[in-house]
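In what follows, every chain begins at residue 1, and chains take the letters A, B, ... in the order their sequences are listed.
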Amino acid sequence: MDMKSVEEKWQARWEKAKFNEFDRKDEKKEKLYVLEMFSYPSGAKLHIGHWYNYGPTDSYARFKRMKGYNVFQPMGFDAFGLPAENYAIKTGVHPKDSTEKNIETMERQLKAMGAMFDWSAEVKTCEEDYYKWTQWMFLQLYKKGLAYRKEAPVNWCPSCQTVLANEQVVDNCCERCGSQVVRKNLTQWFFKITAYAEELLQDLDTLDWPEKTKTMQRNWIGKSTGCEIEFDCESGDKIRVFTTRCDTVFGVTYVVLAPEHPLARKLTTPDRAADVEAYIEYASKANEIDRLSTTREKTGVFTGSYCVNPVNGERVPVYLADYVLCSYGTGAVMAVPAHDERDFEFAKKYNLPVRKVIEKKGGETELPFCEDGIVVNSVRFDGLSGEEARAEIATYIGKIGKGGKKVNYRLRDWLVSRQRYWGAPIPVVHCPDCGAVPVPESDLPVRLPYDVEFKPDGKSPLAKHEKFMNAVCPVCGKAAQRDPDTLDTFVCSSWYYLRYADAHNDKAPFDPAAVDRLLPVDTYVGGAEHACMHLLYARFFTKALRDMGYLHFDEPFQRLVHQGVILGPDGNRMSKSKGNVVSPDEYVSAYGSDVFRLYLMFGFSYTEGGPWSDDGIKAIAKFLDRVEKTVLKIHAYGETEHRPFGAEEKALDYARNYAIQRISRDLDAFSFNTAVARLMELLNAVCKYDAKEEKNVSLLKSVAKDFILLIAPCAPHFAEELWEQTGGTGFVFEQPYPEENPAALVLDEAEYAVQVNSRMVCRATIANGLSDDEIRDFVCSIPEIQAKTDGKTVKKCIVVKGRLVNLIVG
RNA sequence: GCGGAUAUGUUGGAAUUGGCAGACAAGAUGGACUUAGAAUCCAUUGGAUAACACCGUGCAGGUUCAAAUCCUGUUAUCCGCACCA
């Protein structure tokens with residue numbers, strides 16, 4: 001079969017018939033929203049990862065369509081982002097131009113893939129009619145009190161005079177110029193995702209997602225129940241600390257603030273100022289991952305101040321140390337060196353006292369002892385267990401007005417400001433009198449100007465664009481300045497799945513009725529690397545929009561599947577710098593898109609991925625050749641019946657029905673490699689039967705017809721062509737997927753493995769429907785078994801129906 | 001460092017979720033057809049052995065009639081860590 005012309009032929013026919021567009025009028029069929037994560041157009045061409053995500057998932061969608069669902073499978077582009085801007089800095093090509101060009105190429109390639117995408121619902125996040133509504137989303141969140149401004153650090157390269165993404169920081173140095181990166185505070189916009197922490201955690205239980213992804217989100221949200229405690233400083237300031245171990249509060253020997261803590265400088269005594277400043281400077285150079293490392297040498301500095309432990313009135317010193325992070329809890333901890341490893345290490349280094357307040361139950365207590373035990377040296381709380389002490393001490397702290405029980409989350413609010421050009425401008429105007437004022441909805445979009453200067457020189461590109469920056473305050477009408485920052489691209493991708501439902505609406509981001517018809521997404525397929533970011537942000541958006549009344553469901557993605565990663569042939573992640581990038585193009589042009597797709601489905605475990613190798617791709621081409629030859633040969637047979645329906649016919653019919661059952665189950669489960677294997681098995685069975693002199697032609701023809709239908713989702717163009725050549729009318733995808741006949745799957749007998757004392761002895765064919773005792777008696781009569789059991793008594797007989805008999809003798 | 005995962009023949013990978021390890025392929029070997037074969041078809045192919053016995057799912061233990069699968073410990077590799085998307 002000439003794959004290229006066949007592909008073009010059917011793609012043209014599908015397009016002409018608008019066959020891939022979701023049928024919005026069909027109310028009878030159940031809708032099924034199958035969504036692949038949209039593409040980021042960074043490179044000009046589709047890479048293997050795109051193919052691997054979209055090809056097999058399209059086969060799933062096609063299968064479901066044949067199963068009677070009204071399938072919606074849209075595609076679009078996540079078109080804003082850093083790489084296009086970096087490319088512009090390097091080459092001078094404008095991000096809009098390079099992005100549009102890339103999208104054009106990718107659209108052409110995606111269409112040539114032959115996936116069932118509904119292009120009438122296409123979305124591109126960098127277009128005005130999309131980012132207008134991204135800005136609208138910002139305004140709604142602002143109105144709801146879910147967007148606010150605060151100071152937050154950015155990576156600053158002093159030599160390039162620019163903000164760097166974490167990705168651009170290599171070993172704490174700027175990837176471009178190599179100078180050391182420092183943390184610098186800027187006032188930036190945040191979304192209050194923490195307001196939904198509890199619900200985001202709870203609702204994970206309702207989702208059909210990979211368990212590991214749910215676990216990652218749970219850990220990311222990081223709920224911990226503990227106690228907040230207030231330590232009064234001699235200066236009159238109060239230090240609030242959060243602890244999960246308030247049972248150790250009598251063991252506090254010092255208190256630690258993060259170097260960025262607002263009180264850090266205030267509590268520093270004049271004689272300590274020089275050291276403290278030096279330390280804050282030092283800490284600003286370390287990144288968070290290093291700071292959290294438990295093996296990293298602990299560093300810190302004494303502020304010169306003291307505060308008071310509220311439970312015993314003891315005066316303890318206040319230190320700064322970078323093992324405490326400003327972004328978690330209150331940015332301050334009470335240090336209990338006897339019962340915390342980090343505090344212990346720090347105390348040893350700085351000669352701070354270590355006081356034991358927990359004793360190991362029935363054993364030597366070796367410090368630091370970080371498990372639960374019996375409380376000691378804690379006056380009236382002595383003798384309590386950890387759990388009891390935590391409850392009672394928290395209550396006591398509440399009673400004396402110094403804090404109390406507190407639930408804390410590791411999850412932080414979402415920083416959405418980016419000091420970049422290629423993104424959706426933040427729709428806010430800064431007025432000298434009125435402060436930060438949201439742009440009225442009627443003034444959206446705040447257009448991203450085209451003529452800007454990208455070269456980094458200390459200011460965001462938009463900040464240098466006077467025409468863009470100069471605005472009028474919507475409240476008082478005075479001259480004001482626009483916010484020069486753009487939104488994190490994750491904001492764009494947090495709601496695109498809603499826009500697909502109503503992609504051309506120019507009055508609203510979407511019509512709630514259209515969304516109700518299609519959402520939530522039934523099956524979402526994309527990389528596991530999004531587990532904690534995109535997949536959490538999108539859930540947050542859904543819940544926030546629900547609370548504003550725009551949505552009527554709680555979760556955007558009912559079922560989630562992660563495809564694995566296809567690595568380079570050397571086992572490393574494909575990257576230009578490693579020179580191990582494999583392009584799908586040459587394979588697609590040599591073998592055709594169906595063969596390439598089928599190879600991706602067969603050659604890897606879908607959720608695992610693995611190193612690329614083209615070893616088996618020829619075998620797939622060969623397989624399709626065999627299918628074509630066999631099916632056409634059978635089609636050409638005359639209608640005469642040569643053979644009645646006997647045992648061999650029954651075996652072929654069993655093979656067909658077994659294949660139908662397994663393939664359906666495997667496709668549902670995204671187990672594509674086994675589904676293809678079952679197709680191969682069925683072909684082998686057909687060829688075996690076809691090799692006979694006499695055959696039952698009508699059975700053979702009906703199996704061949706089913707074969708075309710069975711393979712259709714996995715090799716769509718190929719199947720359409722065979723369907724037509726064998727006299728089928730309409731599209732093969734208008735046919736229902738074969739259903740198995742349960743009667744054909746019932747066999748009269750089954751082959752059992754027979755074991756004696758758990759050792760395999762022989763196989764035996766045993767009729768179905770026998771009782772366990774009858775099976776035992778039958779097995780005991782087998783000569784090989786008798787030889788093993790001779791002179792011994794059968795103490796136990798384990799029968800696993802249809803599979804195995806195990807005789808325990810002795 | 002923290003969090004998550006993975007480990008099965010020469011290779012990609014199966015294994016009904018505790019029940020015959022290696023389905024289906026690739027590769028290799030041998031054969032058939034052929035002037036020829038990177039085509040097609042057939043056979044063999046976990047290790048070891050003359051053959052059995054036996055050994056075999058990263059490594060060390062454990063639970064069980066039965067473990068790739070469950071438990072404990074351990075090693076190696078991969079992914080994420082909040083401004084790549």
Spell out yes or no: do the side chain of [X] and the base of [N] have one donor N/O and one acceptor N/O closer than 3.5 Å?
X      : N     : answer
A:R420 : B:C83 : yes
A:D488 : B:C83 : no
A:Q168 : B:C83 : no
A:Q188 : B:C83 : yes

Report which part of the nucleic acid [X] touches: base, sugar-phosphate, or nothing (heavy-atom distance under 4.0 Å, all strands).
X      : result
A:T213 : nothing
A:N757 : nothing
A:V676 : nothing
A:A531 : nothing
A:E681 : sugar-phosphate
A:K801 : nothing
A:F490 : base
A:R662 : nothing
A:L411 : base

Relative to its sugar, using the 90° cut-off around 0, the base of B:U17 is syn
Using the [atom1] atoms only, state how far [M] lies from [N], rounded to an integer number of Å.
N     : M     : atom1 : value
B:G61 : B:G12 : P     : 27 Å
B:C52 : B:G27 : C1'   : 30 Å
B:U10 : B:G58 : P     : 13 Å
B:U44 : B:A76 : P     : 42 Å
B:A38 : B:A32 : P     : 16 Å
B:A25 : B:G13 : C1'   : 9 Å
B:U64 : B:U69 : C1'   : 13 Å
B:U40 : B:C33 : C1'   : 8 Å

Nearest-nucleotide comparison on RNA chain B, the residue closer to the 5′ end among A:G802 and A:R678:
A:G802
If you pin A:I798 and A:S493 to their nearest nucleotides in RNA chain B, which one's is more 5'?
A:I798
What's the closest nucleotide to the side chain of [X] if the choices are [options]?
X      : options             : value
A:S605 : B:A26, B:G4, B:G13  : B:G13
A:T674 : B:C83, B:G4, B:A23  : B:A23
A:D78  : B:A85, B:A26, B:G19 : B:A85
A:F602 : B:C24, B:G19, B:A82 : B:C24
A:L804 : B:A26, B:A85, B:G19 : B:G19
A:F604 : B:G13, B:C24, B:C84 : B:G13
A:A165 : B:G3, B:A25, B:C84  : B:C84
A:K796 : B:G12, B:A5, B:C65  : B:C65
A:M680 : B:A26, B:C81, B:C24 : B:C24
A:N155 : B:A25, B:A82, B:C83 : B:C83

Any strand is fair game: report the nucleotide pairing with B:A43 by Watson-Crick or G-U wobble, both distances under 3.5 Å, or none.
B:U29
By the Watson-Crick or G-U definition, both distances under 3.5 Å, B:G3 is matched with B:C79
Would you call A:E211 and A:R218 a salt bridge, taking side-chain N to carboxylate O under 4.0 Å as the test?
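Salt bridge present between A:E211 and A:R218.
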Any salt bridge linking A:R342 with A:E345? Criterion: basic side-chain nitrogen under 4.0 Å from a carboxylate oxygen.
no
Give a yes/no answer on whether the side chain of [X] brings an N or O atom under 4.0 Å of OP1 or OP2 in [N].
X      : N     : answer
A:K618 : B:A39 : no
A:N166 : B:C81 : no
A:R418 : B:C83 : yes
A:T215 : B:G4  : no
A:N673 : B:A14 : yes
A:N572 : B:U77 : no

Identified ring-ring contact (aromatic ring centres under 6.0 Å, His included) counterpart of A:W414 within the set A:F190, A:Y537, A:W189, A:Y148
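That would be A:Y537.
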Give me the one residue out of A:F670, A:Y599, A:F604, A:F596 that meets ring-ring contact (aromatic ring centres under 6.0 Å, His included) with A:Y52.
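Of A:F670, A:Y599, A:F604, A:F596, ring-ring contact (aromatic ring centres under 6.0 Å, His included) with A:Y52 is met by A:F604 alone.
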d([atom1], [X]; [atom2], [N]) in whole Å:
X      : N     : atom1 : atom2 : answer
A:K212 : B:C81 : NZ    : P     : 14 Å
A:Q755 : B:A67 : CD    : C1'   : 12 Å
A:M760 : B:G22 : CE    : P     : 10 Å
A:F672 : B:A14 : CZ    : P     : 13 Å
A:E608 : B:G4  : CD    : P     : 17 Å
A:D614 : B:G27 : CG    : P     : 11 Å
A:L600 : B:G13 : CG    : P     : 13 Å
A:E751 : B:G19 : CD    : P     : 18 Å

To check you understand the geometry: which heavy-atom pair defines the closest contact between A:R597 and A:C714, and what is its length?
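Smallest interatomic distance, heavy atoms only, reads CD-O, 3.4 Å.
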How many angstroms lie between atom CD of A:E297 and atom CZ of A:F346, to the nearest 0.5 angstrom?
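Reported value, rounded in 0.5 Å steps: 11.0 Å.
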Working to the nearest 0.5 Å, report the span between CZ of A:R678 and CD1 of A:I663.
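Going from the CZ atom of A:R678 to the CD1 atom of A:I663 covers 8.5 Å.
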For A:R418 and A:Q188, test the side chains for any donor-to-acceptor distance below 3.5 angstrom and give the result as yes or no.
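Distance-only check fails for A:R418 and A:Q188.
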Could you go step by step and tell me if A:Y421 and A:F454 meet the ring-ring contact (aromatic ring centres under 6.0 Å, His included) rule?
CA-CA 8 Å; A:Y421 164 70; A:F454 305 109; 5.3 Å; yes
How about A:R412 and A:Y328: do any of their side-chain heavy atoms sit closer than 4.5 Å?
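The answer is no, as the side chains (C-beta and beyond) never meet within the 4.5 Å cut-off.
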